[in-house]
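Encoded as structure tokens, the structure appears first; notes follow it.
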Amino acid sequence: MADAHAAAPAAPPELRHHFVDLQAQREASSLGMWTFLVTEVLFFGGLFLAYSIYRGTYRVAFEGASNLLDLTLGTTNTIVLIVSSLTMALAVWASQQGRKNLITLFLVLTMILGAAFLGIKFVEWKEKFERHEVPGPHFVVPLNEETHQPLPKQSEMFFVLYFCMTGLHAAHMVIGLGILTWLLVKTRKNEFSARYNTPVDLAGLYWHFVDIIWIFLFPLFYLLGRHTL
Amino acid sequence: MSEHVRGHSSLGAYFAVFIALMFFTILTVVAAKTHLGIWNTPVALAIAATKATLVALIFMHLRSSPKLTALVVGSALLFLAILIIVTASDYFTRAWLPIYGR
């Protein structure tokens with residue numbers, strides 16, 4: 001075995017000495033990211049649980065308040081986020097090929113789509129503030145879209161959860177944009193190659209996870225009461 | 001696993017998943033506008049779970065990841081299920097038993 005060791009090529013510069021090879025290093029990094037995402041599942045899970053309990057208890061208020069959200073903007077944002085997940089997956093693919101300009105292109109596209117998502121979110125939130133549908137001292141119980149009767153006052157709880165959950169999601173998007181900016185700088189500095197692209201891979205996992213959260217937020221908030229219209 | 005590099009998916013798979021995600025997005029909006037009685041929410045959640053699974057398997061390369069990763073993901077789902085089932089079984093059964101003085 002001493003001969004085999006002597007014949008081994010010099011360790012690549014990206015390899016930390018405590019890993020056997022790059023594959024072991026990559027899998028350890030990936031596992032660490034997945035473990036972080038598990039904690040994120042439970043972080044959001046508490047809010048999804050609160051949503052389930054309140055919605056089960058105040059069904060009419062929740063269905064009525066849900067219909068006050070803008071379905072067109074919500075659906076547009078869902079599509080924007082899915083396209084951004086595709087471009088992120090393509091950025092990871094480009095990094096596995098070691099194609100610097102393609103990585104740059106797909107990272108920039110992903111960032112534009114991420115920013116577009118936040119822009120649309122801003123428009124939606126602004127409208128809620130203008131219509132006094134933000135929970136707190138200035139909250140005015142909204143009217144039912146169909147009957148023009150006031151909704152049950154627990155509709156305020158719907159908007160508490162709406163702002164908490166889409167707000168936490170938007171915060172993750174902002175952090176994601178920061179990570180992508182950092183990746184863009186590293187890409188332009190030629191730090192990624194077909195041999196070493198772990199940061200792009202892990203940022204991809206994070207970005208897709210944030211997409212998955214939205215995949216659940218969209219039907220739970222925007223689509224809840226549509227069949228009653 | 002000899003030549004197949006872990007953590008890779010083909011370009012074709014990415015675009016196929018993308019088209020499926022778009023299809024399911026339209027489907028969930030159409031389903032939500034339809035009267036399905038008590039089934040509106042289960043259908044919406046089933047579609048969301050399908051979309052999430054596609055993203056995890058292909059975009060996040062879970063399909064070609066080591067089994068240990070799948071175990072970690074499974075643990076997330078297990079603990080989420082415990083969180084929701086145990087709490088909901090408390091909240092939604094409170095009215096079942098008469099409590100004197102209430």
Once you round to the nearest 0.5 Å, how far does [atom1] of [X] lie from [atom2] of [Y]?
X	Y	atom1	atom2	result
A:Thr87	B:Phe18	OG1	CZ	9.5 Å
A:Ile215	B:Thr25	CD1	OG1	7.0 Å
B:Ser65	A:Trp34	OG	CH2	6.5 Å
B:Ile26	A:Ile79	CD1	CD1	6.0 Å

May I ask you to name which of [options] has the most heavy-atom pairs under 4.5 Å with chain B?
options	answer
A:Ser85, A:Gly225, A:Gly46, A:Pro219	A:Ser85
A:Asp211, A:Leu220, A:Val83	A:Val83
A:Thr57, A:Leu37, A:Leu31, A:Thr75	A:Leu31
A:Leu49, A:Val41, A:Val38	A:Leu49

Begin with the C-alpha distance, continue with both residues' side-chain angles, and end with the deciding distance and a verdict on side-chain contact (heavy atoms from CB on, under 4.5 Å) for A:Arg55 and B:Thr41.
CA-CA 11 Å; A:Arg55 181 187 158 172; B:Thr41 300; 2.5 Å; yes
Does [X] reach the side chain of [Y], with side-chain heavy atoms less than 4.5 Å apart?
X	Y	value
B:Thr28	A:Phe218	yes
B:Leu11	A:Leu90	yes
B:His61	A:Asp201	yes
A:Thr78	B:Lys51	yes
B:Leu80	A:Phe44	no

With a 4.5 angstrom heavy-atom cut-off, could you sort out which part of [X] is near chain B: side chain, backbone, both or neither?
X	value
A:Phe209	both
A:Arg59	neither
A:Leu86	both

[X] to [Y] - nearest heavy-atom pair and separation:
X	Y	value
B:Met60	A:Ile212	SD-CD1, 3.9 Å
A:Ile53	B:Ala88	CD1-CA, 4.1 Å
A:Ala89	B:Phe59	CB-CD2, 3.9 Å
A:Leu223	B:Ala32	CB-CB, 3.6 Å

Evaluate whether atom [atom1] of [X] has more than 12 neighbouring non-hydrogen atoms of other residues, nucleotides or ligands under 6.0 angstrom away.
X	atom1	value
B:Phe79	CZ	no
A:Phe43	CZ	no
B:Ile85	CD1	no

Which bit of B:Thr34 is near chain A, if near means a heavy-atom gap under 4.5 Å: side chain, backbone, both or neither?
backbone
Under 4.5 Å heavy-atom distance to chain A, tell me which part of B:Phe92 shows up: side chain, backbone, both or neither.
side chain
Between A:His227 and B:Lys33, is there a donor-acceptor pair closer than 3.5 Å when you use the side chain of the first and the backbone of the second?
no
